[in-house]
There are 2 protein chains.
Amino acid sequence: MKHHSAARSTCSDPDDQLLARQLAALSHPARLALLRCLGERDACCVKDLVGRVGLAQSTVSQHIRTLLDAGLVTYTPDRQASRYSLNSEALSAVAGSLDQIVQSVCSGCCGGKGRTGT
Amino acid sequence: MKHHSAARSTCSDPDDQLLARQLAALSHPARLALLRCLGERDACCVKDLVGRVGLAQSTVSQHIRTLLDAGLVTYTPDRQASRYSLNSEALSAVAGSLDQIVQSVCSGCCGGKGRTGT
DNA sequence: ATCGTTTATCGCCGATGAACGATGAAGCAT
DNA sequence: ATGCTTCATCGTTCATCGGCGATAAACGAT
C-alpha cells in the first residue's frame with residue numbers, strides 16, 4: 001500500500017514511470033516476437049534470434065537491449081556468444097501491474113466492469 | 001544475401017501489431033494518469049483532466065487522442081464539452097492479451113515460474 | 001599470430017513522439 | 001451579435017525510435 005500524496009496533481013508516480021518504460025519495451029511487434037523465441041528456446045544467442053525474426057543483427061541487438069534495459073530479459077555471457085533468457089518474474093510482474101491498474105480503474109468507473117452495453 | 005522470407009513465423013502477426021499499438025498507448029505515465037482520472041470520475045471532460053495532470057490542454061488532448069486511437073477510451077460529445085470514458089472491455093482485453101503472452105512464453109521456457117504475488 | 005564467428009556499439013537517416021502556444025470552430029449565455 | 005468557455009487541430013521545436021551498414025572487441029580454433 002502506498003499513499004497517494006495528492007500534493008501534486010501531476011499523477012506521475014515513479015511506479016508508473018517504471019511500468020510505462022516496461023510497457024514501452026513490450027510495445028513493438030519485433031520485441032514480442034523475440035520474447036516468443038526466447039520462450040520456445042530459452043537462452044538464445046543473438047544469431048539464433050536474427051535467423052528467426054528476419055531483421056539485421058544490429059537491429060536485433062538493439063531490440064534485445066531495450067528488453068534488457070527494461071529488465072524483461074537477462075543476459076549471461078557464454079563463450080563468444082551471449083545467452084539471453086526471459087525474466088519470468090519481471091514479465092509476470094508487468095502483466096500483473098497492468099492487470100491491477102485495469103481492474104482498479106474499471107471498478108472505479110462504474111462499480112464493476114462490463115461497461116453497460118445497455 | 002539475406003532472405004527476408006523469414007515471414008513464416010514471428011515477423012508480423014496482425015494480432016501482435018494491434019497489441020503493440022495498444023501497449024504503446026499505455027506506455028506513458030501521463031496516459032496512465034489519465035486513465036486513472038477517468039476511472040475516478042467517469043466521463044471527464046478535457047478541462048477536468050487538464051487540471052489534474054498538470055499539462056497543457058493541447059498536450060492532454062493529444063494524449064487522449066492516442067488513447068482514443070488505440071480504442072482504450074470512448075468519446076461522446078456533450079454540449080460544448082467532450083466526455084471521455086474508459087473502454088473497459090478493450091482495457092481488459094489488452095491486459096488479458098499481455099497476460100496470455102506472458103503465460104505462454106514463460107510456460108515454454110521453464111515450466112512456469114511462479115507469479116510474484118506482489 | 002591469424003582467421004572466423006559472434007556481438008555490441010557507432011553513425012546515419014527518416015519517422016514518430018512529446019510538449020507547447022496559437023488559432024479557429026462549436027456551443028452557451030447575455 | 002458579442003463574449004466566454006471548451007475543445008481539436010496546426011505548426012514548431014526537441015528528443016527518441018527503428019532500421020541499416022560498418023566497425024571493433026571478445027573469443028575459439030587453426
Side-chain angles (χ1 to χ4, degrees), chain A residues 9-12 16-17 20-35 37-38 41 43-70 72-85, chain B residues 1-4 6-7 10-12 16-17 19-35 37-38 41 43-70 72-85:
Chain A
S9 49
T10 60
C11 335
S12 184
D16 275 6
Q17 298 213 356
R21 181 180 181 73
Q22 292 176 317
L23 289 176
L26 291 171
S27 69
H28 193 289
R31 292 194 287 266
L32 292 178
L34 288 175
L35 289 183
C37 290
L38 291 177
R41 285 224 264 273
C44 287
C45 62
V46 174
K47 194 203 174 204
D48 280 344
L49 298 171
V50 168
R52 307 185 86 187
V53 299
L55 291 173
Q57 177 264 324
S58 57
T59 306
V60 172
S61 231
Q62 277 287 111
H63 283 306
I64 282 283
R65 176 167 241 285
T66 299
L67 292 169
L68 188 64
D69 286 346
L72 302 180
V73 304
T74 64
Y75 164 74
T76 310
D78 176 26
R79 313 194 178 262
Q80 79 264 40
S82 298
R83 315 210 70 93
Y84 288 99
S85 301
Chain B
M1 50 137 52
K2 74 176 38 171
H3 289 175
H4 276 295
T10 46
C11 265
S12 40
D16 276 6
Q17 298 215 352
L19 179 59
R21 180 179 183 73
Q22 292 176 317
L23 289 176
L26 291 170
S27 67
H28 193 289
R31 291 193 288 265
L32 293 179
L34 288 176
L35 288 182
C37 291
L38 290 177
R41 282 225 264 274
C44 288
C45 64
V46 174
K47 195 205 174 202
D48 280 344
L49 299 171
V50 169
R52 307 185 87 186
V53 299
L55 291 172
Q57 176 264 322
S58 56
T59 305
V60 171
S61 232
Q62 276 288 112
H63 282 307
I64 282 283
R65 178 167 239 284
T66 299
L67 292 170
L68 189 63
D69 286 344
L72 302 179
V73 304
T74 63
Y75 164 75
T76 309
D78 175 25
R79 313 203 176 255
Q80 79 264 41
S82 297
R83 314 213 72 92
Y84 289 99
S85 301

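In what follows, every chain begins at residue 1, and chains take the letters A, B, ... in the order their sequences are listed.
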Side-chain N or O of A:His63 closer than 4.0 Å to phosphate OP1/OP2 of D:dG19: yes

Length of the line joining B:Asp78:CG and D:dT6:P, which is rounded to integer Å: 13 Å

For atom CG of A:Leu32 and atom P of D:dG18, their distance in whole Å: 12 Å

B:Arg31 to B:Ala24 - nearest heavy-atom pair and separation: NH2-O, 3.2 Å

Which atom of B:His63 lies closest to which atom of B:Leu55, heavy atoms considered: CD2-CD1, 4.2 Å

5'-to-3' dot-bracket of DNA chain C (Watson-Crick, G-U; under 3.5 angstrom; crossing pairs as [ ]; | other strand): ||||||||||||||||||||||||||||||

Value rounded to 0.5 Å, distance of [atom1] in [X] from [atom2] in [Y]:
X       : Y       : atom1 : atom2 : answer
B:His28 : B:Leu67 : NE2   : CG    : 11.0 Å
A:Ile64 : A:Tyr84 : CD1   : OH    : 6.5 Å
B:Arg21 : B:Leu72 : CZ    : CG    : 10.0 Å
A:Asp78 : A:Arg83 : CG    : CZ    : 5.0 Å
A:Arg65 : A:Asp69 : CZ    : CG    : 4.5 Å
A:Gln62 : A:Gln57 : CD    : CD    : 10.0 Å

B/S/- contact track for nucleotides 5-16 of chain C, protein heavy atom under 4.0 Å: -SBBB-------

Enumerate the protein-to-nucleotides 12-17 of chain D contacts in which both atoms are nitrogen or oxygen and the separation is below 3.5 Å.
none

Main-chain N/O of A:Leu49 paired to A:Arg41 side chain as donor or acceptor, under 3.5 Å: no

Close side-chain approach of B:Leu19 and A:Leu26, heavy atoms under 4.5 Å: no

